[in-house]
Amino acid sequence: MNNRISRSVLEDNHKRLIDQYKANLSDVCAIQSILNDEILSHVVQELALSDADHAWAKEWISDTATIFRFLRHHGFVRSLALEAIYTALIWRLNALRLFALPSALLHCLPPPICDPLGRPLVFLQLSELLTCEQTMMDGLLISLERLSIHLRSLNTLNDEFMNCEVTLQCVFVIDLEGLSVQSVNLKILTWLMKEVVPRYPGMLGAVFFLNYSWTYAITWSIMKSLLPKSAVAKVFFPSREELLRYCSASALPSNYGGALSPLHLIEDPLNSHEQKNYASVASREWCMPTPSTGLPETLHRQPSSVTIPPRSSLNPFFGYPSVASFSRPHTVQQGRRRKRDLLLTLSVLWWKRWGTRVIITLYFLIVVGLARKRVRRVARWMLGVALPSGSTLLAMT
């Protein structure tokens, strides 16, 4: 378990990230051009977007840092990044709504407070998440959306003050006090990995866990074997002294050993008046229900198109993701007729047809192999016992 915060590792990771941003800025601009000139116009017609929704989508696309994070998350492959951005854009237009929301679960320290590498410090007390599962998911999604808006505003300020250093990530300080391993919800973790990370990729520069017990050490030793090395290198379990040595007292609240006011008394940019008026979240599937009054009509609309999974029985293009539209027939998403989709579909169909037999055959072979090995051992033991008496009989004759 990484107890000490390796500043050299964090500095190397940050420098590599900035170098990647500068080296791939032209690709980011090219993707933004495609999104603005081709994809967004198609989405406007398909979903019958209002002017406000169109401007909101365009503003999100214009965020260079967000587009870079998508591109980096997909290995700097333009086609994969475009596909992921398109999916996220449709989700945002269907799931994100502009209305008042409760407070976010994350607490971000206001600028200019930051870590030594210029990244915002975000605190999360996991004991506060021991609430309704639905409330927890809503709160986390709200918080991440507001955090992405905050990073965008920081970069806007950097541009205004001619600061060439872009803010791409933040540092999470997660307090485990009052939370046991047994209370960890695996469904929430699965939801984070499958639903949230693909829509908010690459925002974490480092994660510091505080107030951990030995049970977390055992859990982490198991989990880190399942994670990529790049993710493991960002996770640390420091003491408060180690955290203070890395961030300095001027960047930490007093309840975490710093010289600032207690965390709950420090201004939170994620809960500012501007944030609450800017964006909020409501998902038809698992978020809070949309209020019935006080909203523009466009915010209550049903989506005019729905993405169908590749191997759904309702998909006329089985094996390829397609879009079901109320205004036009099913169409395959652009750039998705790939050979690997076909190979994956054939593999899935083959496994559904022969998977059970393959498992039974492998089980039978393993059992036979173990049985033969055991028979050989017994035979050798019996021969070892029988040979001495046999040799004596031969000598007597």
Side-chain angles (χ1 to χ4, degrees), residues 1-15 17-18 103-130 139-140 142-144 146-155 157-158 161 163 165-180 203-214 216-217 220 232-276:
M1 190 164 68
N2 289 343
N3 288 321
R4 291 181 172 273
I5 299 176
S6 179
R7 183 162 181 168
S8 60
V9 172
L10 293 176
E11 289 177 347
D12 291 343
N13 291 341
H14 181 68
K15 183 179 183 303
L17 179 70
I18 298 300
S103 300
L105 292 176
L106 304 179
H107 193 124
C108 182
L109 299 186
I113 303 173
C114 59
D115 84 325
L117 300 177
R119 299 173 296 188
L121 290 170
V122 181
F123 288 79
L124 171 61
Q125 294 177 320
L126 284 185
S127 58
E128 296 182 359
L129 299 185
L130 298 179
L140 285 173
I142 293 166
S143 299
L144 288 174
R146 292 182 177 180
L147 183 58
S148 67
I149 296 171
H150 178 58
L151 291 177
R152 187 190 314 167
S153 65
L154 290 178
N155 288 324
L157 290 175
N158 289 340
F161 290 98
N163 186 355
E165 187 72 19
V166 63
T167 304
L168 297 171
Q169 296 178 326
C170 56
V171 174
F172 268 52
V173 181
I174 301 180
D175 190 349
L176 299 175
E177 187 174 10
L179 186 74
S180 63
M203 294 177 63
L204 298 183
V207 181
F208 302 148
F209 287 99
L210 299 179
N211 299 319
Y212 53 90
S213 62
W214 64 270
Y216 287 102
W220 174 243
V232 174
K234 296 179 181 180
V235 178
F236 300 90
F237 291 79
S239 62
R240 292 200 177 189
E241 291 72 21
E242 284 285 338
L243 182 64
L244 185 61
R245 198 174 301 127
Y246 173 74
C247 290
S248 79
S250 60
L252 291 175
S254 59
N255 45 338
Y256 289 96
L260 300 176
S261 302
L263 183 62
H264 68 279
L265 297 179
I266 300 177
E267 177 190 356
D268 182 5
L270 305 187
N271 283 314
S272 65
H273 181 69
E274 292 77 11
Q275 279 271 13
K276 292 180 180 179

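The structure displayed is predicted, hence computed values, not measured ones. As a basis for the values below, the full set of heavy atoms in this structure was taken, side chains included, without hydrogen atoms, waters or symmetry mates.
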Pairing residues for Pro116 by the side-chain contact (heavy atoms from CB on, under 4.5 Å) criterion, not counting sequence neighbours
Arg7, Tyr246
Ignoring hydrogens and geometry, is there a side-chain-to-backbone donor-acceptor pair from Arg146 to Pro269 under 3.5 Å?
no
Rounded to the nearest 0.5 angstrom, the CG-CG distance for Leu106 and Leu140 is 6.5 Å
Does the side chain of Leu17 reach to within under 4.5 Å of the side chain of Asn13, using non-hydrogen atoms?
no
From Arg245 CZ over to Ser239 OG, what is the distance, rounded to the nearest 0.5 angstrom?
6.5 Å
Output for pair (Leu144 CG, Met203 CE), nearest 0.5 Å, gives 6.0 Å
Partners meeting side chain to side chain donor-acceptor pair (under 3.5 Å) with Asn211 (sequence neighbours left out):
Asp175
Sorted by chain and residue number, the ring-ring contact (aromatic ring centres under 6.0 Å, His included) partners of Phe172 (sequence neighbours excluded) come out as none
Testing the basics here: between Ile113 and Leu109, what is the closest heavy-atom pair and its distance to 0.1 Å?
CG2-CD1, 3.7 Å
Any chance you could measure Leu243, atom CG, to Leu210, atom CG, to the nearest 0.5 Å?
5.5 Å
Between Glu11 and Leu117, the two heavy atoms sitting closest are CG-CD2, 3.7 Å
Against Phe208, only a single residue in Phe236, Phe123, Tyr256 fulfils side chain to side chain contact (heavy atoms under 4.5 Å, CB included); can you say which?
Phe236
Would you say the side chain of Pro253 lies within less than 4.5 Å of the side chain of Pro262, judging by non-hydrogen atoms?
no
If I take atom CG from residue Leu154 and atom SG from residue Cys114, how far apart are they, to the nearest 0.5 angstrom?
9.5 Å
Look at the side chain of His14 and the backbone N and O of Gln169, then say whether any donor-acceptor pair between them is shorter than 3.5 Å.
no
Output for pair (Asn271 CG, Ser143 OG), nearest 0.5 Å, gives 7.5 Å
Arg240 to Asn255 - nearest heavy-atom pair and separation
NH1-O, 2.6 Å
Closest heavy-atom pair, Asn155 versus Thr167, reported as atoms and distance to 0.1 Å, is OD1-N, 2.7 Å
Under 30°, 30 to 60°, or over 60°: which ring-plane class applies to Phe237 and Phe209, parallel, tilted or perpendicular?
parallel
Which pair of heavy atoms, one from Ala233 and one from Val9, lies closest together, and at what distance?
O-CG1, 4.3 Å
Where do His107 and Leu263 come nearest, in terms of heavy atoms and distance?
CE1-O, 3.1 Å
